Each structure stands twice: as C-alpha cells, then as structure tokens.
Student: 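This is the structure, below, for whatever I ask next.
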Amino acid sequence: MTTIGNNIQLVRARMAQACERAGRPPASVALLAVSKTFGPEAVYAVAQAGQRAFGENYIQEAVEKMAAVRALPPLPAPALEWHCIGPIQSNKTRLVAEHFDWAHTVDRLKTAQRLSDQRPEHLPPLMVCIQVNVDGGATKSGVPPEEAVALARAVAQLPRLQLRGVMSIPDPAPDFEAQCALHRRVRAVFDAILAAGGAGLEAFDTLSLGMTADLEAAVQAGSTLVRVGSGIFGARSYAQAG
Ligand SMILES: *Cc1c(COP(=O)(O)O)cnc(C)c1O
C-alpha cells in the first residue's frame, strides 16, 4: 500500500478506537483531510483512497489547487468537497463564497454577511461554522464563548448560508486530560447555541474539533469532524505555502 493509503488507514483506526472508548458509533465522526501546502497530486492520491472532504487554509492556493485537481482524470462520484479552515480576510470572501462548500472560520458577522451576499445563486448555500476561541487572548482568531450564541443566531438568519456548527483550534495541551478539558469548553459552546434555539438551526450538527495530535480527546468531547493534515499527508514544508 502507498504511504498515503497507509496513513489514512491509521488515522481511521485511531478515530474508530476513540469512538469506541467514548461509547460513540464510528460513523458519528467524519474525517476532513487538511491538504494545505500539498499539491494537487497529493490531494488526488488521497481522493483515490476514497477521501472526499478536503480542508484548506490559504484561499488563493486552494482555488488554484481545485482547478488543478479538476484537470486530472475524473474521480468517481461523489464530488470532492472543499472546506475553508483558514482566516478569511474581507478581500477573500468572494473567492470563498464562489469556490468552497464550507467555511469553518466565521468569527464576525461582517464576514458572514459578505459570504452570504457573494454566494452565487447557482450554488447551494455555503455551509458555515462559527469559530470559537476558548483559550486565547484577543489576538487569536475566533469569537469569545460568551459572544458565540449571539453571533450564531445572527449568522443563522443569513439567506445564502447554512449554519452547521462550531469550530475551534485549542492551543496544544500537555496530555489527554488537559486536551479534553479544552475541547469540552468548545462542546459547551456548541450545546449553548443549540439550547438557545431559534430559526436556522435545522442543520446545526457539526463540531469541527481535533487535529492529528489531539483527535482522540476531541472525539471524547464530542467532535463530529476531525481535521487531520500531517497524519495523512506527512510533515508540512511551509516554504511552499501560498
Ligand atoms: C493545519 C490545520 C489542521 C491540521 O493540522 P495537523 O496537525 O497537520 O493535523 C487542522 N485545522 C486547522 C485549522 C489547521 O490550520
């Protein structure tokens, strides 16, 4: 088996084991393959192993990569699904609205409004998550937990967005218990938004949480979508990042 095929199998085994330990069905956690800094051939190889959802941080790089993958021989259905997991500056909202299926990093109403306004009519609504900052200072991306419910309710009203859930990138923690404690704070925000209720929560089902180093703790805390980069593609070289 190829290295990438082997890596995916290992990641899926870790996810299954984490689900078992948490008493959750294995199908309750999905895998997002984070392909930032890797080229179209690497994405194609992972797609050939059956993976369909890909996460990208650098928007311009991602849009070029999407076109390059489309130029390769057709892959079996379903189509690839592209998730924006990097910061979205105002001058990049149009590219995100036009090219991505999901945006995980909405932390301001202004960004959400632009994404909704710019989402093309011929595409389905853009799936969005509210990014929450549970452990950083004011300089870290994400809305503070105490503002997340209000932001979620406002985003849920926007016509061309579908609010899907909450995303977070907690700081690295020294051990499993410390990771779980941080991840549970994100889960609490997810639960608070659901409990507050309101219109536009019909598809609110996603807790985007956990990366290569902490996916077990994220699954323990209730993650439904783990974002795994180096565990699948290998170590990143940022020299290539766009
Ligand atoms: C890079 C990145 C990941 C993947 O990180 P790994 O440690 O390589 O698994 C997940 N989420 C976000 C937001 C990222 O930027």
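Owing to the predicted nature of the structure, the values given are computational and were not obtained by experimental measurement. Numbering of ligands and ligand atoms starts at 1, following listing order.
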Student: Side chains of Ile193 and Val149: does their closest heavy-atom pair fall under 4.5 Å?
Tutor: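 In contact.
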Student: Exactly which residues line ligand 1, taking a heavy atom under 4.0 Å from it as the test?
Tutor: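 Those residues closer than 4.0 Å to ligand 1 by some heavy atom are Val34, Lys36, Asn57, Ile85, Met167, Ile169, Met211, Thr212, Arg227, Val228, Gly229, Ser230, Arg236.
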Student: State, yes or no, whether a side-chain contact exists between Met66 and Arg70 at a heavy-atom distance under 4.5 Å.
Tutor: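 Touching, per the 4.5 Å side-chain cut-off.
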Student: Looking only at non-hydrogen atoms, find the nearest pair between Asp107 and Gln131 and report the distance.
Tutor: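 So the minimum-distance heavy-atom pair works out to CB-O, 3.9 Å.
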Student: Minimum heavy-atom separation for Thr111 to Thr93, with atom names?
Tutor: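 Minimum heavy-atom separation between Thr111 and Thr93: CG2-CG2, 4.1 Å.
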Student: Per the side-chain hydrogen bond (donor to acceptor under 3.5 Å, both in side chains) rule, which among Lys36, His99, Lys65 passes with Glu56?
Tutor: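 Answer to the side-chain hydrogen bond (donor to acceptor under 3.5 Å, both in side chains) test with Glu56 among Lys36, His99, Lys65: Lys65.
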Student: Under the side-chain hydrogen bond (donor to acceptor under 3.5 Å, both in side chains) rule, what pairs show up with a residue in residues 77-90, not counting sequence neighbours?
Tutor: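 Found Glu81-His83, His83-His104, Ser90-Lys110.
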